[in-house]
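A, B, ... follow the sequence lines: proteins, then strands. Residue 1 opens every chain.
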4 protein chains.
Amino acid sequence: MKNTFGNSISVTLFGESHGPAIGVVLDGLAPGIDVNEEVMADFLSKRRPSSDLDTARREEDHFQILSGVFNGKTTGTPLAIVIPNEDTRSKDYTYGPARPSHADYAAFCKYHGFEDYRGGGHFSGRLTAALVAAGGILIPALEKKGIRIETHIDSCGGISDGDFDEQIRKAAAENDSVGGTTETTITGLPRGLGEPWFDSVESQLSHILFSIGGVKGVEFGSGFALADMKGSEANDPLRINDAGDVYTETNHNGGINGGITNGMPVVFRCAIKPTASIAQDQKTIDFQKQENIDFCVNGRHDPAIIRRACPVIDSVTAIVTADLLATRYGTDYLAE
Amino acid sequence: MKNTFGNSISVTLFGESHGPAIGVVLDGLAPGIDVNEEVMADFLSKRRPSSDLDTARREEDHFQILSGVFNGKTTGTPLAIVIPNEDTRSKDYTYGPARPSHADYAAFCKYHGFEDYRGGGHFSGRLTAALVAAGGILIPALEKKGIRIETHIDSCGGISDGDFDEQIRKAAAENDSVGGTTETTITGLPRGLGEPWFDSVESQLSHILFSIGGVKGVEFGSGFALADMKGSEANDPLRINDAGDVYTETNHNGGINGGITNGMPVVFRCAIKPTASIAQDQKTIDFQKQENIDFCVNGRHDPAIIRRACPVIDSVTAIVTADLLATRYGTDYLAE
Amino acid sequence: MKNTFGNSISVTLFGESHGPAIGVVLDGLAPGIDVNEEVMADFLSKRRPSSDLDTARREEDHFQILSGVFNGKTTGTPLAIVIPNEDTRSKDYTYGPARPSHADYAAFCKYHGFEDYRGGGHFSGRLTAALVAAGGILIPALEKKGIRIETHIDSCGGISDGDFDEQIRKAAAENDSVGGTTETTITGLPRGLGEPWFDSVESQLSHILFSIGGVKGVEFGSGFALADMKGSEANDPLRINDAGDVYTETNHNGGINGGITNGMPVVFRCAIKPTASIAQDQKTIDFQKQENIDFCVNGRHDPAIIRRACPVIDSVTAIVTADLLATRYGTDYLAE
Amino acid sequence: MKNTFGNSISVTLFGESHGPAIGVVLDGLAPGIDVNEEVMADFLSKRRPSSDLDTARREEDHFQILSGVFNGKTTGTPLAIVIPNEDTRSKDYTYGPARPSHADYAAFCKYHGFEDYRGGGHFSGRLTAALVAAGGILIPALEKKGIRIETHIDSCGGISDGDFDEQIRKAAAENDSVGGTTETTITGLPRGLGEPWFDSVESQLSHILFSIGGVKGVEFGSGFALADMKGSEANDPLRINDAGDVYTETNHNGGINGGITNGMPVVFRCAIKPTASIAQDQKTIDFQKQENIDFCVNGRHDPAIIRRACPVIDSVTAIVTADLLATRYGTDYLAE
């Protein structure tokens, strides 16, 4: 299914950047999970452009829960969240020139010109707000079970430590943009989650991670660096301590062997490309007129989306994690 | 679904390394696709250990098609292929010590000791033979439609060009193993395949790629290198030529924008970890006795699986490609 | 997936009777399908209680399309429709007594008391309004392809012809309710749709039909009457006419053989139980207090839901039909 | 997915009547379920033609388990069963005339002549043997959990009690065939299984029941008879006894309210049409030559399949039941 993902817990995403609203339907949640709208709003605020480093588009992300919550707790039925689009300046967007590195041209090929082209339409990063709202419910629920998801910026603009803001400001000053990498850690996961082959933990996580616009690489544990290691370096020595806990001395496999969690932290990194929209003239085509043009993307853009990507990655990771648990332990697990 | 993957075309994988047989069921194929068992056998031979660089386990992969083929062509009903396990020396394998970097311990956590532990059981790389047999049907069918899939070794043992065999022999001499990276190109794909968000081409491909044991990283286009670029470098300039063909001057996005093909070659790289089995003493646990031990993995091993991984990657790529086409153009497409 | 159904075209349903809104997300639609809100409103009005034969609850079903439509046509991205709940008198509903033949007790067993019990919550027939809104888009699109879906009342209150309204009024006067049967015909379907076994046309249709509250039986063609026939009566003689059209002289199989359409009209009947809510004292339990009580269901009820069920059956039939076509002919089919 | 069905537990079916073998892959089973091949064989023998009332085709259904079982118990990985086709007299079958009420013509429309037409190919009732083999594992596992599935013939040839064999012999003597109805009861099910709307227990059961060739009607509880009742008759009075057990005095709803089990036995009936193959001249077409002919189906036929249908219905019911339990209580449930 195209805009729906998950097994026992599933998520359905809808909306366009400049339509009436975006939203998400979370299904399969255990009944009795706390839903705290303030926590959700706080969580959404992490994704929202807020500083001079972000796009000038300002929206409060006033979400509304339409279903699936009663007396502050999930009912177990589908939980629909909508976020109206408030600050939509459609005049900033015109149809015709394909913005390089955006979905415009590919969308035209797929949708034959019927797509809502304004602000990227259904491809807009704005839809991630709905995923983050979902994360605002799932992440606290997972934490109650001792499971923590934490994503941080690993590198930005080619710098792997130091002042990432500096990189972003410099790019902004040059009317350019920067990308980066994120690292995510999931701790507290039970051992034995996931499946061999097609529903491996890596398969399920990468599936949802690559659905986030701008993510162009995903690696687990030592990832691409593993390719350069010898087996004697890469193999994580297994140990058992006096308390009977099994662990590995290193974690090159990122907590997953054969697609299944082994009790070590699940660790993965995402490569996020630089924001496609830059205020420079770029070579592109007017795909309606079928001619080559130079084109400068107007509108309000982020010089780097990586800061705002972190809560999105946290949220989609929470969706897969909750699904893995519900599949393994049953639909009531998260609220037990 | 756990061992089934796909939308319009799906694949179901079964079998254990030392059970009676492994196999695959391909469903949703167009009726009328040529099935040439010699081509399949040739294709399987690419995956089979054959030189001194590979495991000493030798099997002919004598496959049998049980259903879905009539008079040399697909019928459109499920196509089941089984490959009996012939050369299974179960005595090489004992239960108890968890081989580091293998699925043994994780499988024990999931299956509580009921798993067939011999030779990795269901986690064995041997199951990829069934996927390759499927590839032996799909890849020629895709080629008839002008779509070519080609995977080559990009690096091995840390060397990105030169004599990969040398690296492998060196590692073998040291009772060690090496990993590497592969690069895959899909050319001839129609524009407009795939979906925004959860069924992005990247999501679907990574899902199946990460189901292959040993794959720990996947990147599309310039992947992780994109994270270090500026937007002005990373954005692929769009051009239209006199014949009216749209293309991009660079292909940092790997032929995919917003999850959808844009007509450029789809390009991705996989990181493959070094073979987990090495003939060295390693620190591990006897997870039945719950004690720390030193353990040397006996049996027959590959010092590098990367050469044999290439046809597997080709095959799973063909499965996703065929599915993308059937979803978009209907179930008869591949035989039209 | 629990509240999502379909293959190439899918539907996700959400909402509670007395929550903020109910709604539906339709995904996988071809880009370029006409969306006429007046036609949708007309279609919704068929389901709405309107005469003295229906519940006194009156709502205009003011729907809003949140996404997936641009310039009056589908974009090809998820189409979300919400219908706010306007006339919700929560005080009519109390928690405790399980209304016989309703989902109250079963829901309590499943959701442990976290369910929104007001007016049946997520189980409310009101959610069918969202399905009908979806039908208001799909049915006209199917008609453009020459495919017509038509559901009529076949029997009501045990009377298989004559004045059904009479039956309903009589039951209402007795503070009772009646059920009935519907017959649906799909004409103009291409031959060769559907699948053998699990995705047979019967399987897919019955799946969605039995999701409608109150449907307790589904039969295709002559259905249960077939069980009493001999083969020589039941077998539909196949004929070809001078124009080369193949047809059957009878249609006991309801246009489906082996799960696949044969070109004859697809015909099925649904058994709809009498409305569960009646204004009489009934034996039931207070499942919170765990005691036997006599209980009269207050609130506003339909003496018969069968009239209002017809557009719902039309709509879910349209969803499955559109999905069968998109799976077979590709995602663009309905707008080509 | 076309020949795959299920959520947490899934079944994939493959094979043709006259190909090398038929088979099934069961996935998602708990590790540690007993697999007793003698029990499976006994169960298969119930489906096998055995008396003068059945087809003269005789096969022992020698099944082989290819995977997923180790030391007599399920491993938790996909369990593949194949049943070779032994007694296949292909000469009995010719391509050209469409056997009335069979899938021949519909299959031709779908598969364009590439289908394996011999003996019904993939549509053959023979494939149900694979489902019954799966039932031979699941039914004893469910019984260990106190859940019993029991299907009996409710009517045959229009007679709802008395000597069904008599009806069958009479039809056989007339070169004709009879159908009938079956009634199935599931007892011991936990309360609260299933879902509202699309994954209602009725939806899931009817989906798999209608995939069995010959099933043309399914009704739950009082089914079509409910349509003629008044609410005051149809509503099942809820009661609680001194032990605190909740039950209903009648069971018109067949143990399911709002799609969810309520603790009462789940009861449903299937309408099974008379065997399509009869040794009489019938009007049909030669769909290759596109001309009207009279045609008598040769080969070996059952005058009634209803006796053999019972274990098939038991088995598919067991598949859905096991899936409902695993979805609700987690993947280990059946072996706990």
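- Contacts of A:S8 with chain B are absent, with no heavy-atom separation under 4.5 Å from either backbone or side chain.
- Rounded to the nearest 0.5 Å, atoms CD1 (B:I240) and CD1 (A:I293) are 11.0 Å apart.
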Checking B:E202 against A:L209 for the side-chain contact (heavy atoms from CB on, under 4.5 Å) test, could you report, in this order, the C-alpha distance in whole Å, the side-chain angles of both residues, the deciding distance, and whether it holds?
CA-CA 9 Å; B:E202 292 108 323; A:L209 290 164; over 6 Å; no
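- At least one side-chain heavy atom of A:H122 sits less than 4.5 Å from a side-chain heavy atom of B:W197.
- Residues B:F224 and A:T181 meet the side-chain proximity criterion, which asks for heavy atoms closer than 4.5 Å.
- Comparing A:G223, A:G213, A:S232, A:G263 by how many heavy-atom pairs each has under 4.5 Å with chain B, the most go to A:S232.
- Of the candidates B:D236, B:T248, B:N253, A:S101 forms a side-chain hydrogen bond (donor to acceptor under 3.5 Å, both in side chains) with just one, namely B:N253.
- The only option from A:S211, A:S203, A:S206 that meets the side-chain hydrogen bond (donor to acceptor under 3.5 Å, both in side chains) definition with B:S206 turns out to be A:S206.
- For A:N292, the parts lying under 4.5 angstrom from a heavy atom of chain B are both the backbone and the side chain.
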Check the pair B:V218 / A:F220 against side-chain contact (heavy atoms from CB on, under 4.5 Å), numbers first and verdict last.
CA-CA 9 Å; B:V218 173; A:F220 291 86; over 6 Å; no
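- For a residue to count as touching a neighbouring chain, one of its non-hydrogen atoms must lie under 4.5 Å from one of that chain's; by this rule A:H112 touches chain B with the side chain only.
- Each of B:V246, B:T261, B:I159, B:I208 has some count of heavy-atom pairs under 4.5 Å with chain A, and the biggest count is that of B:V246.
- Counting heavy-atom pairs closer than 4.5 Å to chain A, the top-ranked of the candidates B:C156, B:A276, B:P274 is B:P274.
- Top candidate by heavy-atom pairs under 4.5 Å with chain B, chosen from A:G194, A:G231, A:G258, A:A171, is A:G231.
- Nearest heavy-atom pair across B:N262 and A:Y105 is O-CE2, 3.5 Å.
- Nearest heavy atoms, B:D228 versus A:S155: OD1-OG, 4.4 Å.
- Within the 4.5 angstrom heavy-atom criterion, only side-chain atoms of A:E249, from C-beta onward, approach chain B.
- The closest side-chain heavy-atom distance from B:E195 to A:K110 is below 4.5 Å.
- The parts of A:R269 that come within reach of chain B are both its backbone and its side chain, each placing non-hydrogen atoms under 4.5 angstrom from that chain.
- Using a 4.5 Å heavy-atom threshold, the side chains of B:F198 and A:V11 count as touching.
- Contact annotation: the side chain of A:E174 approaches that of B:K230 to within less than 4.5 Å [non-hydrogen atoms, C-beta and beyond].
- When each of B:K216, B:R328, B:K273, B:E219 is scored by its heavy-atom pairs under 4.5 Å with chain A, the top score falls to B:K216.
- Considering only heavy-atom pairs separated by less than 4.5 Å from chain B, the leading option among A:A98, A:A271, A:G179 is A:A271.
- Your options are A:R239, A:M229, A:E291, and the one with the most heavy-atom pairs under 4.5 Å with chain B is A:R239.
- No side-chain heavy atom of A:L238 sits under 4.5 Å from any side-chain heavy atom of B:R99.
- For a residue to count as touching a neighbouring chain, one of its non-hydrogen atoms must lie under 4.5 Å from one of that chain's; by this rule A:L13 touches chain B with backbone and side chain alike.
- Proximity of B:H207 to A:F210: side-chain heavy atoms (C-beta onward) are nowhere separated by under 4.5 Å.
- Highest contact tally toward chain B, considering only A:I285, A:I272, A:N241, is held by A:I285 [criterion: heavy-atom pairs under 4.5 Å].
- Interface remark: A:Q282 contributes side-chain atoms only to the contact with chain B (heavy atom separation under 4.5 Å).
- The candidate with the highest count of non-hydrogen atom pairs below 4.5 Å against chain A, out of B:V215, B:D176, B:V316, is B:D176.
- Your options are A:I306, A:T4, A:L205, and the one with the most heavy-atom pairs under 4.5 Å with chain B is A:T4.
- Interface summary for chain A: among B:G244, B:P237, B:S177, the most heavy-atom pairs under 4.5 angstrom belong to B:S177.
- Atoms OH and CD1, from A:Y111 and B:I260 in turn, are 4.5 Å apart once rounded to the nearest 0.5 Å.
- For the residue pair B:K2 and A:N7, no side-chain donor N or O sits within less than 3.5 Å of a side-chain acceptor on the partner.
- For B:T250, no part sits under 4.5 Å from any heavy atom of chain A, backbone or side chain.
- One finds the CD1 atom of B:I278 at 5.0 Å from the CG atom of A:N235 (value rounded to the nearest 0.5 Å).
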